[in-house]
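Have a look at the structure below, then the notes.
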Number of protein chains: 2
Amino acid sequence: MDTRSSIIEATAELLARSPSGDVSTRAVSEAAGVQQPVLYRLFGDKSGLLRATVDYVWDQYLGSKRAAEKSDDPLEDLRAGWDSHTAFALAHPNAYKLMFSSALDSEPEAAEEAMRILREVLERLAKQGRLRVTPDMAARMVMTANTGVALALITRPRLYPDQNLSVMVRDAIHRAILLAPEGTAAHAADAAAHDARRAAATTLLSSVDEFTPQPFTPAESALLKQWLAQIAGSGQPS
Amino acid sequence: MDTRSSIIEATAELLARSPSGDVSTRAVSEAAGVQQPVLYRLFGDKSGLLRATVDYVWDQYLGSKRAAEKSDDPLEDLRAGWDSHTAFALAHPNAYKLMFSSALDSEPEAAEEAMRILREVLERLAKQGRLRVTPDMAARMVMTANTGVALALITRPRLYPDQNLSVMVRDAIHRAILLAPEGTAAHAADAAAHDARRAAATTLLSSVDEFTPQPFTPAESALLKQWLAQIAGSGQPS
DNA sequence: CGCTTGGTGTTATCGTCGATGACATGGATA
DNA sequence: TATCCATGTCATCGACGATAACACCAAGCG
């Protein structure tokens, strides 16, 4: 086993198990069975070690995901890319934080690769004339929103318990950068109906308590609100 | 001058000038003219000191912005809130990173207050029947996207040079959570809300049976429909 | 073969950091 | 006046990132 590789693997292991999201060079060198100066000769400094580790973890995850090849519809790839990004963040929160929250002094290659993959999908969409903004602008909008959602899910899971959040923000951004698909009228009608239901439930939910005179008992109100919330919160495909 | 206040001000000063975004307790105690243990007695630990400092900086910024009072259009307030959030991040990047990137073990009050202000505006919109999702969901969507944009602008300014990015993402999210404005904005809010309420009840009433999968038992459906009919048929203004 | 050279790893140590125990001081209170 | 608590200081600890100095060893070359 390559010394460099075993150090990186030890770092990845410790990082994944670290509650604080940090790792000491001493712990790494001990786990890898070497002395500290080895790390500094191979990686320059701690930041370099972490950067190499993040790239390693990212490559591993991406490799296991690359089985899902490019579909013929770039929109599908765009959605899959977003979901994959979010899933990686949840699967490797500490590595993800290092990747985007940037305690590192220089950007990991993984962050640039994520951006590259995203831009490539967007350029395919642009070639089909389905983008309403430049691929660059679209890439920035998608990437910033995606990292925002992912970091929130990671660092404040209690505040963001909703499983649909990522998909909702995803579709919000996608609708903003994409031209509306011309066909699929039936599908659009379905979505519109579903949307109207949720909007109606939301509207009612916010005003049930203010009916005057109040036609419901408190218990009735509570039950009604619970049902309305269920309708308002029901997930919706694009 | 209060010792606690002068320590916080010294910390804020050092934090603003710190290239790394970090501050040592030694530097703080020296700048404030006290010894280290004072910090630990007043703030518990370094995290507590930073949290107090973030709250202080945020309050200062918010105070200078509170001159812009609530307008009569909550949508204007929603946009202003987003822009204000982004502007704060750019004006106080280190404080902002502490606020949302969370090296802190517990959340600063400032982060919760930002969320509170946002939710309040969204609830005003919901009462006017202009939200297509629950205020909670809307708040999460707006907050995550906004922090994502702000963190990207702060930590990767070279990758995100576009000045329009924040506004583009802002409007993308707002379009996704808001109903398209139907008529003129001159409609009286109360009447519109009342109309919207009855219309919402009618809309829901006609589709309760068509939910797939059906989330309610037949008995629940029956009761829900009875209540909705009551709301839909109510003629009294609120 | 014997000598050099460069890659690899070790030992010992530095300066900084967050944190804390033990002690001093000074004013309010009983 | 005696007591007590709030406030602050001095001295120090253990963990950390980082580095200088040295040890080993196989490859290349006269």
Side-chain angles (χ1 to χ4, degrees), chain A residues 1-57 94-95 97-99 101-108, chain B residues 1-57 94-95 97-99 101-108:
Chain A
M1 167 87 70
D2 190 358
T3 305
R4 182 187 166 92
S5 301
S6 66
I7 289 175
I8 289 180
E9 283 182 22
T11 309
E13 173 80 12
L14 288 175
L15 185 64
R17 303 197 185 287
S18 162
S20 71
D22 199 16
V23 171
S24 78
T25 60
R26 278 174 167 81
V28 168
S29 66
E30 184 178 359
V34 296
Q35 297 293 328
Q36 274 184 278
V38 176
L39 311 186
Y40 290 88
R41 188 174 53 75
L42 289 177
F43 303 98
D45 58 1
K46 183 182 182 180
S47 173
L49 168 64
L50 292 178
R51 193 163 355 131
T53 304
V54 167
D55 286 340
Y56 166 78
V57 175
N94 290 337
K97 275 193 259 184
L98 286 177
M99 211 167 141
S101 167
S102 185
L104 277 45
D105 47 321
S106 102
E107 213 161 340
Chain B
M1 168 87 69
D2 190 357
T3 304
R4 183 187 167 92
S5 301
S6 65
I7 289 176
I8 289 180
E9 284 183 20
T11 308
E13 173 80 12
L14 288 176
L15 184 65
R17 302 197 184 289
S18 162
S20 72
D22 199 18
V23 171
S24 77
T25 60
R26 281 175 165 79
V28 168
S29 65
E30 184 179 0
V34 296
Q35 297 293 328
Q36 274 182 281
V38 176
L39 311 185
Y40 290 88
R41 189 175 50 78
L42 289 177
F43 302 99
D45 58 1
K46 184 182 180 180
S47 173
L49 169 63
L50 292 177
R51 195 168 40 229
T53 304
V54 166
D55 286 341
Y56 166 78
V57 175
N94 290 336
K97 274 194 261 186
L98 286 177
M99 210 167 140
S101 167
S102 184
L104 278 45
D105 47 320
S106 103
E107 212 162 342

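Every chain is numbered from 1 and lettered A, B, ... according to where its sequence line falls, protein lines coming before strand lines. All heavy atoms count here, side chains included; hydrogens, waters and symmetry mates do not. In this text the structure is predicted, and so the values were computed from the model without any measurement.
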C:dT8 phosphate, OP1 or OP2, under 4.0 Å from A:T3 side-chain N/O: no
For atom CG of B:L42 and atom C1' of C:dA19, their distance in whole Å: 15 Å
Gap between atom CE of A:M99 and atom CZ of A:R51 - 0.5 Å precision: 13.5 Å
Phosphate contact (D:dA6 OP1 or OP2) by B:R41 side-chain N/O below 4.0 Å: no
Length of the CZ-C1' vector between A:F43 and C:dG9, whole Å: 14 Å
Atom pair distance, as rounded to whole Å: CG in A:L39 and C1' in D:dC16: 13 Å
A:V34 side chain, from C-beta outward: closest of D:dC10, D:dG8, C:dT10: C:dT10
Short side-chain N/O contact to D:dT9 OP1/OP2 from B:Q36, under 4.0 Å: no
N/O (side chain, A:Y40) to phosphate O (OP1/OP2, D:dA18) under 4.0 Å: yes
Donor-acceptor contact below 3.5 Å, side chain B:N94 vs main chain B:D22: no
Polar side-chain atom of A:S18 near backbone of A:L14 as donor-acceptor pair, under 3.5 Å: no
Closest nucleotide among C:dG9, D:dG8, D:dG17 to the A:T25 side chain: D:dG17
D:dG17 base / A:R26 side chain donor-acceptor hit below 3.5 Å: yes
Sugar-phosphate only, base, or nothing, as touched by A:V28 at under 4.0 Å among non-hydrogen atoms: nothing
Nearest-Å distance for atom pair CG/P, residues A:D22 and C:dG18: 13 Å
NZ/NE/NH1/NH2 to OD/OE distance under 4.0 Å, A:D105 and A:K46: no
Distance, rounded to the nearest Å, where A:Q35 contributes CD and D:dA23 contributes C1': 13 Å
Candidates C:dA19, D:dT19, D:dC16 - which lies nearest the side chain of B:K46: C:dA19
Whole-Å gap separating C1' (C:dG18) and CG (B:L104): 15 Å
Distance, rounded to the nearest Å, where B:D45 contributes CG and C:dC17 contributes C1': 14 Å
Polar side-chain atom of B:S29 near backbone of B:R26 as donor-acceptor pair, under 3.5 Å: yes
B:I7 CD1 to D:dT7 P, straight-line distance once rounded to whole Å: 11 Å
Pairwise 5' ranking along DNA chain D for A:A27 and A:P37, keeping only the more 5' one: A:A27
